[in-house]
Each structure stands twice: as structure tokens, then as C-alpha cells.
Protein chains: 2
Amino acid sequence: MFHMKRKSTAGDAAPTEAGEPFRLEAFLPYRLSVTANRMSRAFARAYAERFGLSIPEWRVMAVLGTGGPLTAAAIVERTAMDKVKVSRAVAALEAKGFLARRPHPEDRRSALLELAGPGIEVFRAIVPLARALEAELTAVLGPEDRALLSSLLARLDAHLAGLGDLALDAGDPG
Amino acid sequence: MFHMKRKSTAGDAAPTEAGEPFRLEAFLPYRLSVTANRMSRAFARAYAERFGLSIPEWRVMAVLGTGGPLTAAAIVERTAMDKVKVSRAVAALEAKGFLARRPHPEDRRSALLELAGPGIEVFRAIVPLARALEAELTAVLGPEDRALLSSLLARLDAHLAGLGDLALDAGDPG
DNA sequence: GGAATGATGTTTCATATGAAACGAAAGTCA
DNA sequence: TGACTTTCGTTTCATATGAAACATCATTCC
């Protein structure tokens with residue numbers, strides 16, 4: 001049989017060509033997931049060993065450490081984490097005395113959160129270590145490829161976030 | 001201007017520069033994790049809705065569908081999944097009649113696994129859909145950027161796998 | 001051969017996750 | 001005002017995860 005009709009447009013000089021046997025290693029969702037998990041595991045271990053923090057906790061600290069006081073909803077937005085996860089991370093950090101809640105002046109359901117006490121110094125200590133570990137783990141890529149990867153991921157992520165919940169099946173979003 | 005030595009056009013040259021305030025969005029492990037999770041969620045939903053498969057189950061089918069009969073250990077190797085996860089995925093697929101176990105001729109602890117019955121047709125049906133969804137979700141990147149991303153991830157992943165468990169912190173090769 | 005050690009795959013158990021239900025507080029509308 | 005609807009954050013619950021213990025078979029070394 002002839003395999004004609006290939007290369008329909010730019011869209012299909014694709015990740016995996018239609019006639020070929022399927023290879024998991026060349027499948028982008030797989031690649032992405034495996035690499036991200038490896039990376040996450042390394043960081044999770046480092047944070048846990050040195051600071052007793054989970055990744056969600058570290059992320060909350062990361063946004064609180066740079067942005068001012070934030071509500072939980074704002075943290076959800078900036079960390080791209082589930083609100084349940086944020087709620088639990090905040091509770092854990094509060095229990096450790098790493099952050100403080102202050103009543104929100106305009107909404108009694110909510111609270112303003114910010115780093116406090118030991119949390120402030122831990123944040124200062126963690127940032128350079130996180131950067132160093134990032135540098136070590138991504139050492140194979142030079143600075144340029146690292147930047148390239150980051151920018152590709154950002155573009156892809158924005159697209160995925162745009163697709164959002166809609167149209168993942170059924171309709172053709174375009 | 002004077003100190004425009006390396007303005008961030010195509011992204012920051014270094015992962016995160018030492019003097020700057022920490023930005024989670026520019027932190028590669030974060031980017032990677034968020035993007036991978038979004039992608040995974042989309043696929044998980046698609047596989048579940050259309051075929052009643054989890055991602056681990058789909059991955060096992062993916063390697064069995066192309067490679068011949070494999071042992072569980074071989075599947076672990078090729079899918080980069082935990083052996084517990086593989087064990088459970090295999091059990092689930094067997095319960096659905098999607099794969100068959102055959103005693104391993106040279107090792108009575110092990111078994112040879114291969115797609116069977118409905119599993120074969122489901123595999124054939126799923127591959128083009130997986131490819132189509134991949135294409136849709138990565139549509140923002142052109143074919144070239146997609147290939148680039150894939151190759152960057154592969155390099156990074158190989159490096160991470162190389163670091164393995166060792167040397168992530170000071171040194172306890174255990 | 002037969003103990004000691006190693007490999008294979010399953011089960012146990014403690015933790016992590018997020019969808020959905022929830023109470024409390026705003027916001028909306030008549 | 002007094003119903004409604006919506007939003008904020010927490011809690012519940014059912015599921016997913018993997019480290020460690022396990023049973024089973026294989027291999028090594030004496």
C-alpha cells in the first residue's frame with residue numbers, strides 16, 4: 001500500500017508519524033511526565049531532607065517570599081496548585097510557625113498570609129540552594145538550551161491552560 | 001545603556017540569576033511540573049473517557065503493543081514506572097481481558113505478558129487518537145519546536161537518570 | 001547438596017491527591 | 001428586608017502512590 005496523504009500541512013510533520021510503530025519514548029506527554037517526575041523527586045528529597053518541606057509547602061513559601069501578603073486564592077493562582085493542596089500547605093506552614101494569617105480587612109471568609117518568624121530565614125536560605133540544585137540538575141543543557149526549554153515549556157503551558165477544560169474531546173477548537 | 005550585557009530576550013540566560021528576586025514561573029522544575037501535569041490530566045481524561053484506561057495501563061499497553069511479549073521487569077524498564085505501578089496496571093489489564101500471561105519458560109517467578117483479545121483492537125484504536133491529541137495539545141509549537149522540546153527533554157532526562165540516586169546531596173551512596 | 005544471597009512480582013501500609021460536599025460570608029435582586 | 005446565588009477556604013471520602021515487607025524462585029559459593 002502507498003502511504004500517500006502524508007504531510008497534510010505543517011501540523012503533521014509530527015511527533016510520531018502515522019505509519020510508524022508507536023514508540024512511547026518519542027511520545028511527548030510521556031517524555032514530559034517522566035522528566036518532570038524525575039526532577040520533582042530530586043527536589044522533593046532535597047527540600048524534605050534539608051528543610052522538612054514538601055513541594056507544595058515550598059511553592060507557597062516561594063510566592064509569599066517574593067510577593068507581599070496574599071490570600072489563599074491568590075496563591076492558588078500563582079502556584080497553579082489545587083486549592084485543597086494550597087489549603088493544606090498553608091496549614092502545615094502555619095503549624096511550623098513559618099507563616100502568619102491576618103484577617104482580611106474586606107472579607108471575613110478570607111485571610112492574608114505572609115511569611116513569619118523562621119519562615120523568613122528559611123526562605124532566604126532555600127532560594128540559593130534551589131537555584132544551585134536547578135543548575136546541577138540541568139547542567140547538561142547549557143544556559144541557552146535551558147532558556148530555550150523554559151520558553152518552550154512556557155508556550156506549551158500557556159496553550160494548554162488556554163484549552164483549559166473545554167474542548168478536549170468532541171469539538172475541534174481549531 | 002551600559003549594563004545590558006545580556007538582556008533577557010529569548011529567556012533568561014541563567015535559570016535564575018543570583019541577585020534577582022526569586023520567580024517561581026521562571027524556575028525550571030516548576031515549569032516542567034506544571035506543564036507535565038496539565039498535559040497528563042488531559043490525556044488521563046481522554047483515555048479514561050474513551051477506553052476506561054488509566055495512564056499506567058495505557059503505558060503498559062503501549063509497550064506491549066509494539067514490543068513482543070515482555071516480562072514485568074522489562075515493562076518497568078521501558079515505561080520508567082515503578083514496579084508496583086506496573087504490577088497493578090498489569091493486574092487491571094488482565095482483569096479486563098486486555099492482556100494474557102504466559103509462564104516464563106526459564107523462570108517460574110516471572111511471566112510473559114502480551115496483549116490479547118480486545119486489548120489488541122483497543123491498542124490499534126488508541127494509537128491514532130493518542131497521536132491526534134498530542135498534536136492538538138502541542139499545536140502552538142510548530143513541528144520543529146516540538147522536536148526541539150522533545151530532544152531537550154530527552155537530554156535532560158538522560159542526565160537526571162544518570163545522576164540517579166547518587167550525589168543528589170552531599171554523599172551517601174548507600 | 002545446601003546455606004546464603006539475589007532477583008521477581010505482590011501485598012501492606014502510610015501518605016498524597018483532588019472531586020465533591022460543606023459552613024460561613026459576600027453579593028444580587030426584588 | 002429576605003430569599004437566592006456565588007465565592008472562600010476547609011473537610012470528607014475514595015483513589016493513587018511508592019517504600020518496605022513479603023513469598024517465591026534462582027543463583028552463588030562452599
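Naming convention: chains lettered A, B, ... in sequence-line order (proteins, then strands); numbering from 1 in each chain.
- Between B:S54 and A:A74, the residue anchored closer to the 5' end of DNA chain D is A:A74, taking for each the nucleotide with the nearest heavy atom.
- In this structure, the side chains of B:D145 and A:R155 come closer than 4.5 Å at one or more pairs of heavy atoms.
- Residues B:V86 and B:R59 have side chains not in contact (no heavy-atom distance under 4.5 Å, counting atoms from C-beta outward).
- The same ILVMFWY cluster, assembled from side-chain heavy atoms under 4.5 Å apart, contains both A:L70 and A:I120.
- When rounded to the nearest whole Å, the span between CD of A:E57 and P of C:dT15 equals 14 Å.
- Contacts with DNA chain C (heavy atom under 4.0 Å) in residues 75-93 of chain A: A:D82, A:V84, A:K85, A:R88, listed by number.
- Rounded to an integer number of Å, the gap from B:I55 CD1 to C:dG18 P is 13 Å.
- Across residues 94-108 of chain A, A:R101 each have a non-hydrogen atom less than 4.0 Å from an atom of DNA chain D (numbered order).
- Separation of the B:Y30 and A:F43 ring centroids does not fall under the 6.0 Å cut-off.
- No hydrogens or angles were tested; on distance alone, a donor-acceptor pair under 3.5 Å links the side chain of B:R109 to the base of C:dA7.
- The local environment of CZ in A:R38 is crowded, with over 12 non-hydrogen atoms from other residues, nucleotides or ligands closer than 6.0 Å.
- For the pair B:N37 CG and D:dT17 P, the interatomic distance rounds to 12 Å; values are reported in whole Å.
- Aromatic ring centres of A:F98 and A:W58: separated by at least 6.0 Å.
- Note on B:L112 and B:L93: separate hydrophobic clusters, where clusters join Ile, Leu, Val, Met, Phe, Trp and Tyr whose side-chain heavy atoms are under 4.5 Å apart, directly or indirectly.
- Considering CZ of A:R102 and NE2 of A:H104, their distance stands at 9.5 Å, rounded to 0.5 Å.
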